[in-house]
There are 2 protein chains.
Amino acid sequence: MRIAGKGIILVSLNDKSGLGDASVNSVVAGLCASPEGCRSVCATCRVRLYAVCSAMSEDDIADLERLAAHVELSPRTALFQAGDLARFVYTVTSGTLRLQRDLADGRRQVIGFAIPGDFIGLSLDETYQFSADTLTAVGLCRFDRKDFTSLSHSRQPLLERLHLAATHELTIAQDHMVILGRRRAEERVAAFLLRWRDRLGRINGRSATVGLPMSRQDMADHLGLTIETVSRTMARWMRDRIILDVPGGIRVLDQQRLAAILPD
Amino acid sequence: MRIAGKGIILVSLNDKSGLGDASVNSVVAGLCASPEGCRSVCATCRVRLYAVCSAMSEDDIADLERLAAHVELSPRTALFQAGDLARFVYTVTSGTLRLQRDLADGRRQVIGFAIPGDFIGLSLDETYQFSADTLTAVGLCRFDRKDFTSLSHSRQPLLERLHLAATHELTIAQDHMVILGRRRAEERVAAFLLRWRDRLGRINGRSATVGLPMSRQDMADHLGLTIETVSRTMARWMRDRIILDVPGGIRVLDQQRLAAILPD
DNA sequence: CGGGTTATTGATGGTGTTCAAGGGGTGTGG
DNA sequence: CCACACCCCTTGAACACCATCAATAACCCG
């Protein structure tokens with residue numbers, strides 16, 4: 001156990017595999033000790049303007065807040081697994097999660113990564129269609145799925161915002177199909193770095209330094225490659241001074257040449 | 001020009017490439033000669049119960065019908081291209097379309113195929129994010145996008161149904177990411193045949209005979225393979241009596257062995 | 001430090017691509 | 001009605017990209 005800033009207690013699960021032993025219960029901690037999560041306060045929420053919550057008026061936000069519980073998770077923790085009964089939906093307030101599907105023989109496909117402002121649980125199925133695990137410490141705003149659905153049916157702007165989020169995700173998914181289906185290894189990695197950088201830039205502001213909280217294996221499983229190919233590709237770019245290795249990520253030295261790798 | 005059943009006139013565009021010269025205007029024909037499309041009649045619509053229109057009550061359907069125009073397209077016709085201003089959204093009433101994205105150097109990724117009951121244009125962007133071309137003769141119910149959006153904002157069940165369609169598409173897209181990212185050639189083709197069969201079965205009723213209106217090239221571009229790999233894979237299955245070649249498609253002889261190719 | 005995980009780097013090999021040639025169906029025009 | 005052209009599909013052979021296997025290095029946290 002270690003103490004992180006602001007007196008928030010993070011409980012390490014010691015799940016180093018990141019794959020295997022993720023069936024343990026999610027760790028819930030924070031200012032409130034209760035595993036139920038503590039009351040959310042939308043007024044001070046940093047992602048409120050990016051998230052689906054932005055659809056709610058000042059008057060209505062209280063109704064949303066009443067349904068919300070704030071949850072803090074340690075790094076390398078399972079939020080839920082594919083097939084679990086989908087009790088909750090979430091808005092990410094801080095940190096990064098990995099969303100993935102697994103095949104029976106161990107192969108896995110990382111569907112995407114969720115960052116602050118993202119909504120998790122758009123699918124209307126009774127069970128989750130993918131697994132979600134934290135990569136870093138993560139803060140989430142949690143809602144009971146049925147309550148949230150009911151609210152979205154009585155507050156149309158929220159439903160519209162959810163629909164916007166869903167179609168946006170759909171476009172991103174189709175982009176990724178092109179990457180997986182028709183791009184070569186080098187192009188895949190370049191496309192990933194540039195898009196990831198853009199996504200982070202929309203939250204933190206644009207920067208040449210790109211944090212990569214996911215492992216090389218996660219990147220490989222996202223891009224349909226092996227860890228060796230990802231590693232070799234990035235090593236080559238480092239030798240060529242296109243990117244620079246920095247702790248916890250990379251720095252883009254030559255945006256031009258990186259972008260030039262991508263036809264179109 | 002040739003005559004198809006029920007006196008509907010189909011105009012052949014003679015666009016044999018299926019790729020190149022698709023910038024011609026969409027051919028609009030049918031019982032009404034007007035290129036504007038003729039008035040739609042929901043009462044006799046065969047896909048009404050499957051399509052997003054099913055969200056409309058008997059009373060409200062008239063409002064939807066007022067916005068709708070029915071359009072008939074010849075095979076191998078461009079409905080719209082990626083980047084075009086998204087003036088319309090569509091419900092497919094008959095036939096099959098191919099949805100695809102193209103890279104600058106000619107590589108393409110077939111995002112999916114649209115069949116009766118499918119909604120085209122879920123994205124809320126001002127421009128289309130992919131191209132849509134007919135494979136067969138196609139019937140569509142066409143709506144002005146802005147009018148349709150307005151209506152969905154005043155008829156909540158329609159919006160809910162659209163959202164349902166979007167999240168369903170999203171799940172399918174994620175399924176396809178697994179295929180493209182982590183499955184071998186043989187698995188990809190098997191998964192495609194089995195899923196395509198299921199989709200058709202939901203409309204026509206289950207059958208061992210599976211129509212394949214798309215070319216081998218289309219299948220390859222959907223599965224991230226080459227035409228040769230698709231051809232060789234299916235040829236092997238034909239030798240092994242797993243499938244049988246029938247005009248315009250295949251017949252599944254051994255569902256067991258085909259399904260066994262897929263772990264999970 | 002020291003154990004274990006993750007990343008890098010090299011050598012080898014396989015799956016699927018690329019290149020090339022031939023077959024089969026269909027529509028067209030003589 | 002047949003010949004021809006034109007796709008589309010099939011099949012074969014050689015190759016290339018990336019995966020696999022293997023060993024070492026760097027890292028992280030205890």
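By convention in this document, chain letters (A, B, ...) are assigned in the order of the sequence lines, proteins followed by strands, and residues within each chain are numbered from 1. Predicted model only: the values in this text are computed from it and were never measured.
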Here the distance between atom P of D:dC28 and atom CZ of A:Arg76, to the nearest Å, is 13 Å
Rounded to whole Å, CE of A:Met214 lies from C1' of C:dT6 at a distance of 15 Å
Please state whether the rings of A:Tyr128 and A:Phe80 are parallel, tilted or perpendicular, taking 30° and 60° as the class boundaries. parallel
### Query
Would A:Arg142 count as a cation-pi partner of A:Phe88, with NZ or CZ less than 6.0 Å from the six-membered ring centre and within 45° of the ring normal?
yes
* Asked: What nucleic acid atoms does A:Ser215 come within less than 4.0 Å of, heavy atoms only: base, sugar-phosphate, or nothing?
  -> sugar-phosphate
Q. What about A:Glu186: does its side chain form a donor-acceptor pair under 3.5 Å with the base of D:dC18?
A. no
B:Asp221 atom CG is separated from C:dG16 atom C1', nearest whole Å, by 15 Å
Result for side chain to side chain contact (heavy atoms under 4.5 Å, CB included) between A:Leu193 and one of A:Ile242, A:Asp198, A:Leu212, A:Thr233 points to A:Leu212
To the nearest angstrom, the CG-C1' distance between B:Asp245 and D:dC8 comes to 13 Å
Judged by nearest nucleotide, the residue sitting upstream toward the 5' end of DNA chain D, B:Ile227 or A:Arg184, is B:Ile227
In short, A:Val47 meets A:Thr91 closest at the heavy-atom pair CG2-CG2, 4.3 Å
Closest to the 5' end of DNA chain D, once A:Glu228 and A:Gly248 are matched to their nearest nucleotides, is A:Glu228
Can a side chain N or O of B:Thr229 be found less than 4.0 Å away from OP1 or OP2 on C:dT17? yes
(message) Is there, by distance only and without an angle test, a donor paired with an acceptor across the side chain of B:Gln217 and the base of D:dC7 below 3.5 Å?
(response) no
Using a heavy-atom cut-off of 4.0 Å across all strands, would you classify A:Gly224 as base, sugar-phosphate, or nothing? sugar-phosphate
The residue, A:Arg182 or A:Val230, whose nearest nucleotide of DNA chain C is more 5′ is A:Val230
Taken to the nearest 0.5 Å, the spacing of A:Tyr90 OH from A:Leu79 CG works out to 4.0 Å
Among the nucleotides C:dT6, D:dT11, C:dT17, whichever has the atom closest to the side chain of B:Ser231 is D:dT11
Taken to the nearest whole Å, CG/B:Leu212 to P/D:dC9 is 10 Å
A:Arg107 atom CZ is separated from C:dT15 atom C1', nearest whole Å, by 13 Å
B:Arg216 atom CZ is separated from D:dT11 atom P, nearest whole Å, by 10 Å
A:Glu187 atom CD is separated from D:dC17 atom P, nearest whole Å, by 12 Å
Taking C:dT9, D:dT11, C:dT18 as options, the one with an atom nearest any side-chain atom of B:Ala235 is D:dT11
Among the nucleotides D:dC18, C:dA7, D:dT10, whichever has the atom closest to the side chain of A:Leu225 is D:dC18
Review point. How would you label the contact of A:Arg232 with the nucleic acid (heavy atoms, under 4.0 Å): base, sugar-phosphate, or nothing?
Key: base
